[in-house]
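Working notes, structure below.
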Amino acid sequence: MELDLNAMHRLAAEQGIDAETLDNALTEALRLAYMKTPHAAKHARIELDDRAGTFTVWAQDEIPVEPTEDDPHPAPKLGEEYDDTPRDFGRLAAATARQVISQLFRKAEDDKIFGAFSGQRGKLITGVVQQDAKDTANVHIAVGDVEAILPRREQVPGERYRHGERLRVYVVNVARGLKGPEIIVSRSHPELVRRLFEREVPELNSGAVSIMAIAREAGARTKIAVRANTEGVNPKGALIGPGGARVRAVMENLGPEKIDIVDWSNDPAKFVAAALSPAVATGVKVISEKNKTAIAFIHDDQLSLAIGKEGQNARLAAKLTGWKIGIESAEAHQDAPAEHES
């Protein structure tokens with residue numbers, strides 16, 4: 001049976017698919033196609049002839065074996081191979097070959113996309129918003145010829161995504177899905193804020209300054225703890241930038257979300273006090289280092305600032321530090337011992 005194998009090999013080579021891979025996929029597909037034909041032999045193999053551009057179905061019949069006392073249920077033997085290529089197999093074989101090539105090409109393209117994006121996990125990419133009427137729960141982001149998915153869980157509450165809008169997103173995961181590579185991106189991930197600052201702050205890339213912790217309630221507020229690794233560098237000033245230019249550039253990508261930048265410290269009391277910014281703690285008492293609990297003392301006129309709207313500031317401070325923070329009136333506890341005076 002004729003099949004233009006040379007032409008198929010050339011097409012495959014253009015897609016980076018070697019001849020052996022194509023031949024193995026083709027022989028298995030043709031074997032399965034043969035098995036579906038009427039009166040197909042139970043045992044068969046496909047032999048390809050590249051030079052002649054043909055293939056042959058070689059079949060074998062089962063020959064019953066007489067049972068013996070030692071082997072009452074013997075397996076049948078296989079007879080001699082014979083050519084069982086169906087006469088009307090040409091159309092089915094051609095369709096099978098087209099399907100195999102299409103599948104291999106699709107897999108090769110998927111592998112290229114997966115290879116290109118697997119290294120982007122954890123990075124910031126820019127794409128264009130695409131609306132999909134069949135998928136209203138997710139937002140599709142075109143990145144070149146590939147579409148990434150911004151699931152509802154990774155979207156920012158209240159943020160609107162307009163068709164054609166350019167958007168910076170954080171790559172959460174790249175996986176092989178049922179329909180090809182699946183690229184999941186986020187607008188709400190805390191690491192998005194880190195990557196945005198890395199675009200604006202040279203000191204982060206040089207290692208002079210480090211972001212030690214991030215706590216974020218996407219669309220509302222983010223707290224960032226920073227420290228200097230080089231003497232003479234002001235870590236908060238590095239992120240804020242001249243005239244606030246750097247932090248403003250980041251905020252332009254986040255909409256109305258506010259950003260608090262605080263000093264990180266390995267002294268829990270100092271870190272807790274800093275984390276409650278913009279409120280100023282008069283002191284912090286560490287209750288238990290093992291259970292990571294502390295009490296911050298705040299002047300009465302700043303209590304609401306320390307707690308924040310619906311407890312947001314205190315909640316983010318706790319998330320940033322990893323400590324449970326109680327907030328009490330400094331005036332009511334003037335005599336209370338404090339391990340840190342700010």
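This chain uses plain numbering: 1 for the first residue, then up along the sequence. Atoms considered below: every heavy atom in the structure, side chains included; atoms not considered: hydrogens, waters and symmetry mates.
Shown here for Thr282 and Ala330, the closest heavy-atom pair between the two residues is OG1-CB, 3.4 Å. Contact between Asp267 and Ala269 at its shortest, heavy atoms only, is OD1-N, 3.0 Å. In terms of heavy-atom proximity, Ala12 sits nearest to Leu22 at CB-CD2, 4.0 Å. For the pair Ser277 and Asn313, the tightest heavy-atom approach, listed with the atom from each and the gap, is O-OD1, 3.2 Å. Here the closest heavy-atom approach between residue Ala59 and residue Asp84 is recorded as CB-CB, 3.7 Å. Residues Ala275 and Lys223 come closest through the heavy atom pair O-NZ, 2.9 Å.
Here the side chains of Lys285 and Phe297 are in contact, with some heavy-atom distance below 4.5 Å. Side-chain contact between Ile184 and Pro151 is present, with at least one heavy-atom pair separated by less than 4.5 Å. Residues Lys77 and Glu62 form no side-chain contact, since every pair of their non-hydrogen atoms from C-beta on lies 4.5 Å or further apart. Residues Arg195 and Glu198 meet the side-chain proximity criterion, which asks for heavy atoms closer than 4.5 Å. Arg216 places a side-chain heavy atom less than 4.5 Å from the side chain of Val156. Using a 4.5 Å cut-off on side-chain heavy atoms (C-beta onward), Leu192 and Leu254 make contact. Contact of the Ile295 side chain with the Ile287 side chain is registered, since non-hydrogen atoms from C-beta on lie closer than 4.5 Å. Inter-residue side-chain proximity for Val174 and Gln120 is flagged as unmet; no heavy-atom pair is nearer than 4.5 Å.
Between the side chain of Arg248 and the backbone N or O of Gly243, at least one donor-acceptor pair lies under 3.5 Å. One N or O on the side chain of Arg187 and one on the backbone of Arg168 form a donor-acceptor pair closer than 3.5 Å. Side-chain N or O atoms of Glu257 include none that pairs as donor or acceptor with a backbone N or O of Ala218 at under 3.5 Å. Proximity of a side-chain donor or acceptor of Ser329 to a complementary backbone N or O of Glu331 within less than 3.5 Å is detected. Here the side chain of His299 pairs no donor or acceptor atom with the backbone of Asp301 at under 3.5 angstrom. Ser288 contributes a side-chain N or O that, together with a main-chain N or O of Asn291, makes up a donor-acceptor pair within less than 3.5 Å. A donor-acceptor pair is defined here as one N or O able to donate and one able to accept, closer than 3.5 Å; such a pair exists between the side chain of Arg315 and the backbone of Glu310. The backbone N or O of Val280 lies less than 3.5 Å from a partner atom in the side chain of Gln302, making a donor-acceptor pair.
Checked options Glu200, Glu203, Glu252; the residue passing with Arg246 is Glu203 (criterion: salt bridge (Lys or Arg N to Asp or Glu O under 4.0 Å)).
Under a hydrophobic clustering in which Ile, Leu, Val, Met, Phe, Trp and Tyr are joined whenever their side-chain heavy atoms come within less than 4.5 Å, directly or via other members, Leu78 and Met35 fall into different clusters. A continuous path of hydrophobic side-chain contacts links Ile240 to Val250 [ILVMFWY only; heavy atoms under 4.5 Å]. Residue Ile141 is not grouped with residue Tyr170 when hydrophobic side chains (ILVMFWY) are merged at heavy-atom distances under 4.5 angstrom, including chains of intermediate members. Hydrophobic clustering keeps Val209 apart from Trp264 (ILVMFWY residues linked when any side-chain heavy atoms are closer than 4.5 Å, directly or through intermediates). Hydrophobic clustering, with ILVMFWY side chains joined whenever heavy atoms are under 4.5 angstrom apart, groups Leu48 together with Tyr34.
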Exercise for the section: Decide side chain to side chain contact (heavy atoms under 4.5 Å, CB included) for Glu28 and Asn24; before the verdict, give the C-alpha distance in whole Å, the side-chain angles of both, and the deciding distance to 0.1 Å. Expected result: CA-CA 6 Å; Glu28 179 60 14; Asn24 289 341; over 6 Å; no
Practice task
Step by step, work out the side chain to side chain contact (heavy atoms under 4.5 Å, CB included) result for Leu316 and Asp260.
Solution key: CA-CA 10 Å; Leu316 282 171; Asp260 295 335; over 6 Å; no
Exercise for the section: Show the numbers, then the answer: is there a side chain to side chain contact (heavy atoms under 4.5 Å, CB included) between Ile46 and Val57? Expected result: CA-CA 5 Å; Ile46 306 295; Val57 179; 3.6 Å; yes
Exercise for the section: Any chance you could lay out the side chain to side chain contact (heavy atoms under 4.5 Å, CB included) test for Asp71 and Val65, step after step, and finish with the verdict? Expected result: CA-CA 10 Å; Asp71 190 0; Val65 176; over 6 Å; no
Practice task
Check the pair Asn229, Ser210 against side-chain hydrogen bond (donor to acceptor under 3.5 Å, both in side chains), reporting the backbone distance first and the verdict last.
Solution key: CA-CA 7 Å; Asn229 301 316; Ser210 294; 2.7 Å; yes
Handout entry: Candidate pair Asp83 and Thr85, rule side-chain hydrogen bond (donor to acceptor under 3.5 Å, both in side chains), full reasoning
Key = CA-CA 6 Å; Asp83 184 347; Thr85 310; 2.8 Å; yes
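Atom-to-atom distance recorded for Thr126:OG1 and Leu167:CG is 8.5 Å, nearest 0.5 angstrom. One distance of note links CD1 of Ile211 with CZ of Phe197; it measures 6.5 Å at 0.5 Å rounding. With rounding to the nearest 0.5 angstrom, the CZ atom of Arg152 is 13.0 Å from the OG atom of Ser188. Summarising the geometry, atom CG belonging to Asp23 is positioned 8.0 Å from atom CE belonging to Met8; distances are rounded to the nearest 0.5 Å. Atom-to-atom distance recorded for His140:NE2 and His163:NE2 is 12.0 Å, nearest 0.5 angstrom. Of the inter-residue distances, the one linking Gln130 atom CD with Asn138 atom CG reads 14.5 Å to the nearest 0.5 angstrom.
Side-chain contact annotation: Tyr161 with Glu159, donor-acceptor N/O pair under 3.5 Å present.
Between Arg45 and Glu81, at least one side-chain nitrogen of the basic residue sits less than 4.0 Å from a carboxylate oxygen of the acidic one, meeting the salt-bridge criterion.
When the shell of 6.0 Å around NZ of Lys292 is examined, it contains 12 or fewer heavy atoms from other residues, nucleotides or ligands.
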